[in-house]
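This is a predicted model, so every value here is computed, not measured. Chain A is the first sequence line, chain B the second, and so forth, proteins listed ahead of strands; every chain is numbered from 1.
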Amino acid sequence: MLHISDIRENKEQIINLLQIKNFEAKELINSVISKDDLRKKTQQKSDEVLTKSNQLAKEIGVLYKTGKQAEANLLKNQSAELKQKSKELNSCKAELEQEIKNILLLIPNVPHPSVLKGNADIDNEIINEVGEMPILNDDAKPHWELTEDYDLVDFKLGNKITGAGFPVYKGKGARLQRALITYFLDKNISSGYTEYMPPLLVNEASAYGTGALPDKEGQMYYMPEDNLYLIPTAEVPVTNLFRDVIVKDFPIKCTAYTPCFRREAGSYGKDVRGLNRLHQFDKVEIVQIEHPENSYKTLEEMVEHISSILNELELPYRVLRLCGGDLSFTSALTYDFEVYSAAQEKWLEVSSVSNFESFQSNRLKLRYKDENGKSKLCHTLNGSALALPRVLAALLENNQNNDGIKMPEILHPYLGFDIIS
RNA sequence: GGUGAGGUGGCCGAGUGGCUUAAGGCGCACGCUUGGAAAGCGUGUAAACGGGAAACUGUUUCGGGGGUUCGAAUCCCUUCCUCACCGCCA
């Protein structure tokens with residue numbers, strides 16, 4: 001959520017920048033500002049009334065104590081009038097505040113000025129392409145066949161015990177999963193991130209805090225009896241650790257492994273075959289909380305960090321800088337990482353790294369004190385490092401040969417084997 | 001699931017209708033003191049939203065919402081949360 005004072009100060013700039021996201025904000029912004037003007041006036045009036053009323057109450061107290069009941073009763077009438085007025089003003093103000101908030105919730109985050117306009121994913125800018133695409137044999141198989149041949153992931157069993165999109169990892173498949181998680185965490189920790197193991201269910205306040213609600217309500221699994229949501233990403237619990245916090249030392253760097261749960265309604269076909277898209281998947285996430293001055297430098301640093309993981313995994317990948325049309329509602333600047341899955345001949349997104357600037361921290365009330373002692377909003381950033389299933393898919397497809405599936409060297413100590421055969 | 005006790009500032013904690021402008025303590029910051037430090041002494045120490053160039057100042061906030069009252073941290077209703085004991089349980 002944007003901050004109303006930011007909107008007031010940088011109105012024209014915000015309207016212009018939002019056009020990069022193909023969002024026409026002029027009307028909403030004009031209306032939110034005029035409502036805010038009215039809100040201020042209403043508060044002024046309300047403050048005046050309350051000041052008088054407070055004074056009266058004190059005078060009445062004094063009169064009672066000195067035994068002047070009659071005079072006190074006179075003042076009581078006045079006080080009742082003021083009370084009526086203040087009630088009206090108050091409800092008017094509350095209504096305005098709600099209207100303002102409702103409008104603010106509709107306005108997406110302002111993109112960074114460097115973001116290119118564009119309509120969809122084909123307009124994203126490829127800023128780096130690393131590694132060579134493997135040349136596979138003619139009989140190379142997609143990962144959903146490999147996982148069956150080598151008994152690594154059992155989709156049918158998952159169907160039986162839960163449903164589609166809930167695979168069962170098995171044998172070396174399960175070990176590979178666990179090896180990847182541990183390797184990712186170790187790698188993140190060695191870059192200064194602190195590991196967390198957060199709850200997998202969050203309350204409503206947390207879901208609002210990171211913007212999972214109200215925008216993405218249908219995406220989350222919900223437990224109505226307890227009013228809790230299954231997390232769609234570790235970003236939600238981890239970022240909310242810092243809800244209502246005033247930060248003293250920057251940066252705060254967190255990493256967490258969690259399963260992620262997504263309902264993902266309405267997508268079928270080969271895009272969702274095998275491990276490409278699941279209702280439950282594993283992910284290691286990195287989150288940083290930064291001073292606004294440093295957040296873009298930190299974003300670059302996170303991109304470097306994720307690149308180095310993919311280098312070590314020896315997977316061909318490319319880095320995309322998302323265009324305005326493809327940027328999420330909450331993001332100001334996002335880089336996507338895609339690995340090449342050679343048998344599917346497809347690029348698969350395995351990480352998305354974003355700077356949310358103060359869009360999340362405004363809702364989270366995540367602040368720091370500036371040099372004048374004033375509260376300011378922090379910047380929040382996060383990214384996957386990494387999402388597991390598609391990494392697994394690419395590892396299996398790209399490294400298959402007649403002897404089996406060779407594992408990258410970096411994973412050997414974690415795996416306890418170097419080939420799946 | 002049952003029963004009970006609670007939710008007050010960064011933290012602890014007092015507070016049963018106006019002498020609360022939330023006592024007192026801890027912590028923190030600054031100053032005095034010191035060769036330096038500790039102790040001691042003094043001063044200051046929340047947030048949000050307004051007004052003001054600023055100094056300063058108004059309002060709200062004692063878990064949330066509602067009510068009684070001229071006046072509520074304090075009384076009433078409601079809701080959420082936490083803790084303790086019992087039961088069940090990895």
Separation of B/C81 P from A/R243 CZ (nearest whole Å): 13 Å
Starting from the 5' end of RNA chain B, give me the residue, A/D47 or A/K87, whose nearest nucleotide shows up first. A/D47
Give A/K83 one of three labels, base, sugar-phosphate or nothing, depending on what nucleic acid heavy atoms sit under 4.0 Å from its own. base
Using atom NZ of A/K85 as one end and atom P of B/C70 as the other, report the distance to the nearest whole Å. 18 Å
B/G40: pairing nucleotide in any strand, Watson-Crick or G-U under 3.5 angstrom: B/C32
Distance, rounded to the nearest Å, where A/N90 contributes CG and B/U60 contributes P: 9 Å
Within less than 4.0 Å of OP1 or OP2 of B/C80, is there a side-chain N or O belonging to A/N203? no
When we call it a touch if two heavy atoms are under 4.0 Å apart, what does A/L50 touch: a base, just sugar-phosphate, or nothing? sugar-phosphate
What is the base-pairing partner of B/A46, counting Watson-Crick and G-U wobble geometry with both distances under 3.5 Å? B/U61
Contact check, side chains of A/L313 and A/I410, non-hydrogen atoms, under 4.5 Å: yes
I need the A/N203 CG to A/D226 CG distance, nearest 0.5 Å. 11.5 Å
Considering only B/U59, B/G50, B/G18, which nucleotide approaches the side chain of A/R39 most closely? B/G50
Hey, are the side chains of A/F242 and A/L364 touching, using non-hydrogen atoms and a 4.5 Å cut-off? no
So A/S53, base contact, sugar-phosphate only, or nothing? Heavy-atom distance under 4.0 Å. nothing
Checking side-chain polar atoms at under 3.5 Å, does A/Q288 have a donor or acceptor matched by the opposite partner on A/Y193? yes
Could you work out the separation of B/G17 and B/U33 based on their P atoms and round it to a whole Å? 48 Å
For B/G71 and B/U59, measure between their P atoms and round to the nearest Å. 15 Å
Classify A/N73 by what it touches in the nucleic acid, base, sugar-phosphate, or nothing, heavy-atom distance under 4.0 Å. nothing
May I ask which nucleotide in the shown strands pairs with B/U69, Watson-Crick or G-U wobble, both distances under 3.5 Å? none
Among the nucleotides B/G50, B/A48, B/C70, which one has an atom lying closest to any side-chain atom of A/R367? B/A48
Separation of B/C80 P from A/L228 CG (nearest whole Å): 13 Å
What interatomic distance, in whole Å, is found between P of B/A73 and the corresponding atom of B/G9? 14 Å
Which part of the nucleic acid does A/Q43 contact within heavy-atom distance under 4.0 Å: base, sugar-phosphate only, or nothing? base
More than 12 non-hydrogen atoms from neighbouring residues, nucleotides or ligands closer than 6.0 Å to CD on A/E300, yes or no? yes
Can you check the distance between B/U57 and B/U45, where both ends of the measurement are the P atom (answer in whole Å)? 12 Å
Side-chain contact, heavy-atom cut-off 4.5 Å: A/N382 with A/V353? no
Opposite nucleotide pairing with B/G17, Watson-Crick or G-U, both atom distances under 3.5 Å: none
Given the P atoms of B/C80 and B/U61, what is the spacing between them in whole Å? 23 Å
Please figure out whether A/A57 or A/L75 has its closest RNA chain B nucleotide nearer the 5' end. A/A57
Does B/A22 pair with anything, Watson-Crick or G-U wobble, both distances under 3.5 Å, and if so, with which nucleotide? none
For B/U82, the Watson-Crick or wobble counterpart (both distances under 3.5 Å): B/A5
Watson-Crick or G-U wobble partner for B/A55, using a 3.5 Å limit on both distances? none
If I pick the C1' atom on B/G51 and the same atom on B/G65, what distance separates them, to the nearest angstrom? 30 Å
For A/K58 and B/U21, give me the distance from atom NZ to atom P, rounded to whole Å. 6 Å
Does any non-hydrogen side-chain atom of A/D121 lie less than 4.5 Å from one of A/C323? no
Rounded off to whole Å, could you give me the CZ-to-C1' distance for the A/R8 and B/G50 pair? 11 Å
May I ask you to check whether over 12 heavy atoms, not counting those of A/E349, lie within 6.0 Å of atom CD? yes
Identify which nucleotide among B/G50, B/G58, B/G71 has an atom closest to any side-chain atom of A/T51, counting heavy atoms from C-beta outward. B/G58
B/G71 phosphate, OP1 or OP2, under 4.0 Å from A/S79 side-chain N/O: no
Send over the distance from A/K365 NZ to B/G10 P, rounded to a whole Å. 15 Å
Mind checking the C1' distance from B/G27 to B/C12? Whole angstroms is fine. 10 Å
Expressed in angstrom and rounded to an integer, what is the separation of A/E204 atom CD from B/G64 atom P? 17 Å
Between B/C62 and B/A23, how far apart are the C1' atoms? Round to whole Å, please. 14 Å
Please determine whether a side-chain nitrogen or oxygen atom of A/H3 lies at a distance below 4.0 Å from atom OP1 or OP2 of B/C49. yes
